[in-house]
Every structure is written in C-alpha cells, then in structure tokens.
Amino acid sequence: MTAPSTVHASLLGRCPRCGQGRLFSGYLTIAPRCTACGQDFSAFDVGDGAAALVILVVGAIVAGAALWTEFTFQPPLWVHAVLWTPLIVLLTFVFLRLIKSALLVLQYRHKAGEGKLDQ
C-alpha cells in the first residue's frame, strides 16, 4: 500500500494512509474510520483551524478583488454587494472542506497530536 501525496489526498478527501477510503462521511463530518484500510480518524481533530484559514484565504481573495474593482471601475455600492456576497459564500463552501481535509492529512503525515508531558 503506497501512501497518496498530501495534495492528492487533500483534494479528493481520501484517507491519508491508503488513498482509497473517504475521509468525510458528510460535507464536513469526518468519517470514524477509513472504509478501505480501517485507519481510525477519531484521533485527528483540526478544531477551528480550518475555519480560521478559510477566513484568511477568502478574505484576502475577496478584499483584493473588491479593491481592484473599486479602483478600476468605481461601481456603485450595490454592485459590490451583488458581486462579493455570492463569491464569499461559494469560496467558503469550497475552501472549508478542502482546508479541513488538508489539515487532517497533514496531522496524519506529521503524527501531530495533543501535547503530553513525560512522567
């Protein structure tokens, strides 16, 4: 069994160990385990990291596009509302699953977990 690349597993939402099973059981719900290799996903938790990164990425894209549009065309305010509101919603739905998947795959690759004190 060869492990898929981080990009491949992240883009397709596949198991980071085998690349065959699905990482998600719903749109954003992490599956309890891989259906192909049995990898337990319960140890992985990205918390609010995906949402924070989505806010940064989508905010940068939309703010840059809105500034460029404003300085280039100087449209009325309602044009900005019509343009950017649907784009924000669309990009958020696209990037949220993608970034959550990437964070989970990176956690698996780097064996990241909660910090523990040696006793």
Between the main-chain N or O of [Y] and the side-chain N or O of [X], is there a donor-acceptor pair closer than 3.5 Å?
X    : Y   : answer
S101 : R97 : no
Q39  : R33 : no
K100 : L28 : yes

As a test of understanding, state which of I61, L83, V62 forms a side chain to side chain contact (heavy atoms under 4.5 Å, CB included) with I88.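 Of the listed residues I61, L83, V62, the side chain to side chain contact (heavy atoms under 4.5 Å, CB included) partner of I88 is V62.
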Measure across [X] and [Y] and return the closest heavy-atom pair with its distance rounded to 0.1 Å.
X   : Y   : value
D40 : P32 : OD1-O, 3.1 Å
C37 : R17 : O-NH2, 3.0 Å
G21 : C18 : N-SG, 3.7 Å

Tell me if the CG atom of D48 is crowded by more than 12 foreign heavy atoms within 6.0 Å. no
Is the number of heavy atoms from other residues, nucleotides or ligands within 6.0 Å of CZ (R109) greater than 12? yes
Would you compute the distance between atom [atom1] of [X] and atom [atom2] of [Y] and round it to the nearest 0.5 angstrom?
X   : Y    : atom1 : atom2 : result
I30 : L104 : CD1   : CG    : 4.5 Å
W84 : L91  : CH2   : CG    : 10.0 Å
T35 : Q20  : OG1   : CD    : 9.5 Å
L96 : Y27  : CG    : OH    : 5.5 Å
L23 : C34  : CG    : SG    : 9.0 Å
F95 : L90  : CZ    : CG    : 9.5 Å

When clusters are formed by joining ILVMFWY residues with side-chain heavy atoms under 4.5 Å apart, either directly or through shared neighbours, do [X] and [Y] land in the same one?
X   : Y    : value
I55 : V94  : no
W68 : V82  : no
L77 : V79  : no
V57 : L106 : no

Flag side-chain contact, heavy atom, 4.5 Å: [X] against [Y]:
X    : Y    : result
R14  : R22  : yes
P4   : P16  : no
F41  : Y108 : no
L103 : L53  : yes

Kindly give the cluster partners of L12, where membership spreads through any ILVMFWY side chain lying under 4.5 Å from a current member.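 Its cluster mates, by chain and number: none.
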Side-chain cluster (under 4.5 Å, hydrophobic types only) that L67 belongs to, other residues: F71
